[in-house]
J.: 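Attaching a single structure in structure tokens format; questions to follow.
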Amino acid sequence: MFNLDDLNTQQRSAVSHINGPLLLLAGAGSGKTRVITCRIAHLLQQGIPARQILAVTFTNKAAREMRERVHEMVGKAPQGMVIATFHALCLQILKSHIDRLGFKKNFSIYPAADQQRLVRELLRNLNSDSTQADADQVLWRISAAKNRMITADDYQAEPRDPLSALTAEVYPRYQKALKAYNAVDFDDLLVFSVQLLQRHADLLDHYRERFRYQMVDEYQDTNPVQYQLLKLLAGGHGNLCVVGDDDQSIYAFRGADVGNILDFEKDFPGAKVIKLEQNYRSTGHILAAANAVIGHNDKRREKVLWTDRGEGAKVRYLLAEDSEDEARLIVEQIHAQQYRSKLRYGDFAILYRTNTQSRAFEEQLRYDNIPYVLIGGQQFYDRKEVRDVIAYLRTIQNPADEVSLLRILNYPKRGIGEGSIDKIIRYSAEHEISLWKVLQKVAQLDEGVNERTAAAIADFVAFIKRFQQRFKQPLFLLDSLRELLEELKLGDEIYRQEKDPQVARRRVDNQNEILNSLAIYIERTAQPNLRGFLERISLADDEGPTKNDKESLLKVDAVTLMSLHSSKGLEFPIVFLAGMEEGFLPHKKSIYETFDIAEERRLCYVGITRAQQQLFLLGARQRRKYGKLEQREPSRFLSEIPEHIVHTEDSSEPGPESPELAAQSASNFFSNMSRMFGD
DNA sequence: ACTCATGATATTTTT
DNA sequence: TATCATGAGT
């Protein structure tokens, strides 16, 4: 059980608040998660049934963490309580009621890669000269529209905006195609749930009653659909507790609306507001820098973080010559810091604005034999070889999923040529019969394709049907997948295609990794089935060994490289915030196009507040950009930090031998020694 | 069907 | 400059 005495005054008053709307403005590192879990424990202690409690987060990781911490605190698994991401919650709602929107209940969730394929396809059918970029843009616009609850029917093209005209063409077709595939995309999960609640009073009543106590984490990141959903669910009782920090709102580009958190009291009259300003993470100088920077934003909830931990080290600004030099300086500091205090590699993080910046750091770290983990970039389930296997599973689960079906129809090659596939697609379109039905028909009626192809198709259909039966038996899920992989011999195919045997090996390993995640899924699920597994994968809620989160970082002890965006919520003893230059932070797009410098400043603030003991800010004098050498200016945010808390060092003027340099060369010596002796 | 060359493009991305 | 996707060519 928890102890109220361990909390500060503000935390305690938040925890003991029970009825009515509550806005908890939780500054960075103010013990937010602790307050949320304590509040849940407190609600339970007050006799509120677990099943009336709903806690919504944005990431699976956050949901998992919350669940675990509640578990620890109350000593048993939180039975009946729903702790889920927005998307997982909506998936639950749709699973029970999507038939009211004309979908079948075995609908599938369309992954991003398939969305792209579909839009590309639709564009090709519409106009001859459309690029990859157009497809991405259109998809982006569709998503943005959905975030604002604009349906395909309502979507209006902006005048003099060719892309929105294109979107207006594609959006309805895209929606129609999804429906034909009995599939929904990520955004639909939310939009459809809201529509269900709006149109069906019985459902609304049901869920309001079911979730009498609601909490939302990272409220500053909610977009209009999510806001609608909450507004609907909390209507009536108004027991909505939202937690967030407007200063850490960094997802406007994805439709998040800071207005939601700024206007909370207007939306939910009588709301109580509590600020958490005591920071338990960073030392004083770091917080002073953070406060100074974020203080330059207007339209915000004034918060001043403070700590009782003392000033700590000054922030250090290292000015490098170029990007390679910047990476070298970081490695130097890693060695120096390790020499001075006992630090693991896992205590260091390198943060940057854009993912492309990671390269220089990767190269330098590899050169110095320093282990690192790169967060972001290509995700496990986005890899081609993994998607191939998933496509099989999806086809088995829902043969109406035509993108998956087409992906595997002739992979590995089984003698169904492009010409035949074209014929089948055309037949399916003309007669409005699903591809899967046509395939079955071709097998029986020998329609329009030659005998050998027909035989191949018949084999394929039989193959899928056989595995449909196999996968229906929950006890043999793992065996079925193993058999599937064996029979397909995809491994051989990969070895044939990939000339670098090392790469081939990794790709085959990746495929086998799916077996591991299935095994983990089965272990942790009461009634495992193929559908459930695919859902988890779609929601990226996977606990497989490739999991890229803090726990696995701790295990491998490596320096962390990630974008500022993905760093939110994490903390590290030593943080390097690289690329503190005009054009990077603030990013040049924000300077010249979106004019949203405030969001860039928040991003900078997020970066600064990740540091516990020492913060390094780095920038380069010049950088190669698209081949050209470009002069760079220090970020304007640097000048917003008071001079007396920053120590500036210019790499082109080394000055007298500094203690760091001495320490660093000694440290290099030791690390080389230990490398030589294999320790 | 695989390789190679060309040309477009280079912000962040919790699900 | 480096990377990616696409299309021509073998």
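Just so it is clear, the model here is predicted, and its values are computed rather than measured. A note on names: the letters A, B, ... follow the listed sequences, proteins ahead of strands, and every chain is numbered from 1.
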J.: Going by centres under 5.5 angstrom and planes under 30 degrees, do the aromatic ring of A:H587 and the base ring of B:dT11 stack?
T.: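 The base of B:dT11 is stacked with A:H587 (centres under 5.5 Å, planes under 30°).
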J.: What's the CG-C1' distance between A:N147 and B:dT13, to the nearest Å?
T.: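 For the pair A:N147 CG and B:dT13 C1', the rounded distance is 12 Å.
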J.: Specify the separation, in whole Å, of atom CG of A:D217 and atom P of B:dT15.
T.: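 Answer to the nearest Å: 13 Å.
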J.: For B:dT13 versus C:dA2, give the span between their P atoms, rounded off to a whole number of Å.
T.: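 Each nucleotide's P atom is 23 Å from the other's.
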J.: Looking at A:F253 versus A:H565, is the centre-to-centre ring distance below 6.0 Å?
T.: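 Under 6.0 Å, so yes.
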J.: Please check the phosphate of B:dT13 (OP1 and OP2 only) for any side-chain N or O of A:S563 closer than 4.0 Å.
T.: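 Looking at the OP1 and OP2 atoms of B:dT13, one of them is under 4.0 Å from a side-chain N or O of A:S563.
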J.: Give the rounded distance in Å between these two atoms: CD1 of A:I375 and C1' of B:dT14.
T.: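 In whole Å, B:dT14 C1' and A:I375 CD1 are 13 Å from each other.
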J.: Under 4.0 Å, counting only non-hydrogen atoms across every strand here, what does A:D187 touch: a base, just sugar-phosphate, or nothing?
T.: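 Here A:D187 touches no strand at all.
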J.: Categorize A:S566 for me: base, sugar-phosphate, or nothing, with a 4.0 angstrom heavy-atom threshold over every strand shown.
T.: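 It contacts sugar-phosphate atoms only.
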J.: Among B:dT13, B:dT11, B:dT15, which nucleotide has an atom closest to any side-chain atom of A:T354?
T.: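 So the side chain of A:T354 is nearest to B:dT11.
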J.: Between C:dT6, B:dT12, B:dT15, which one does the side chain of A:R120 approach most closely?
T.: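 In terms of side-chain proximity for A:R120, the closest of C:dT6, B:dT12, B:dT15 is C:dT6.
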J.: Once the angle between the rings of A:F211 and A:Y207 is folded into 0 to 90°, is it parallel (under 30°), tilted (30 to 60°) or perpendicular (over 60°)?
T.: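 Because their plane-to-plane angle is under 30°, the rings of A:F211 and A:Y207 count as parallel.
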J.: Mind checking A:Y251 for me? I need base, sugar-phosphate or nothing, with any heavy atom below 4.0 Å counting as a touch.
T.: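 Base contact.
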J.: Can you tell me how far P of B:dT14 sits from CG of A:D245, to the nearest Å?
T.: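 Taking atom P of B:dT14 as the reference, CG of A:D245 is at 20 Å.
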J.: Given B:dT12, B:dT15, B:dT14, which nucleotide is nearest the side-chain atoms of A:F58?
T.: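 That would be B:dT14.
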J.: Rounded to whole angstrom units, what separation is found between the CZ atom of A:F253 and the P atom of B:dT14?
T.: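 Roughly 8 Å, once rounded to whole Å.
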J.: Taking the side chain of A:K589 as heavy atoms from C-beta outward, which of B:dT11, C:dT6, B:dT13 is closest to it?
T.: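 Shortest atom-to-atom distance from the side chain points to B:dT11.
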J.: State whether A:N60 places a side-chain N or O below 4.0 Å from either non-bridging phosphate oxygen (OP1 or OP2) of B:dT14.
T.: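 No, because none of the side-chain N or O atoms of A:N60 sits under 4.0 Å from OP1 or OP2 of B:dT14.
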J.: Side chains of A:E362 and A:Y372 only: does a donor on one sit below 3.5 Å from an acceptor on the other?
T.: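 Yes, A:Y372 and A:E362 have a side-chain donor paired with an acceptor closer than 3.5 Å.
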J.: With rounding to the closest Å, how many angstrom separate the P atoms on C:dA5 and B:dT12?
T.: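 Those two atoms are separated by 15 Å.
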J.: Between A:D247 and A:N297, is the side-chain hydrogen bond (donor to acceptor under 3.5 Å, both in side chains) condition met? List the steps.
T.: CA-CA 9 Å; A:D247 290 334; A:N297 272 359; 5.5 Å; no
J.: Does A:R624 make a side-chain donor-acceptor contact with the base of C:dT1, cut-off 3.5 Å?
T.: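 Absent.
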J.: Could you state the atom-to-atom distance from CE of A:M562 to P of B:dT13 in whole Å?
T.: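 About 11 Å, once rounded to whole Å.
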J.: Provide, to the nearest angstrom, the distance between the CG atom belonging to A:N355 and the C1' atom belonging to B:dT12.
T.: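 In whole Å, B:dT12 C1' lies 8 Å from A:N355 CG.
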J.: With distance as the sole criterion, is a donor-acceptor pair present between the side chains of A:E218 and A:Q220 under 3.5 Å?
T.: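 Their side chains do contain a donor-acceptor pair, which is all the 3.5 Å distance test asks for.
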J.: Could you check whether A:E324 pairs with A:R328 (Lys NZ or Arg NE/NH1/NH2 to Asp/Glu carboxylate O, under 4.0 Å)?
T.: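 Here A:E324 does not pair with A:R328 in a salt bridge, since their nearest N and O are not under 4.0 Å apart.
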J.: Could you state the atom-to-atom distance from CG of A:L94 to C1' of B:dT15 in whole Å?
T.: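 Rounding to the nearest Å, CG of A:L94 and C1' of B:dT15 are 14 Å apart.
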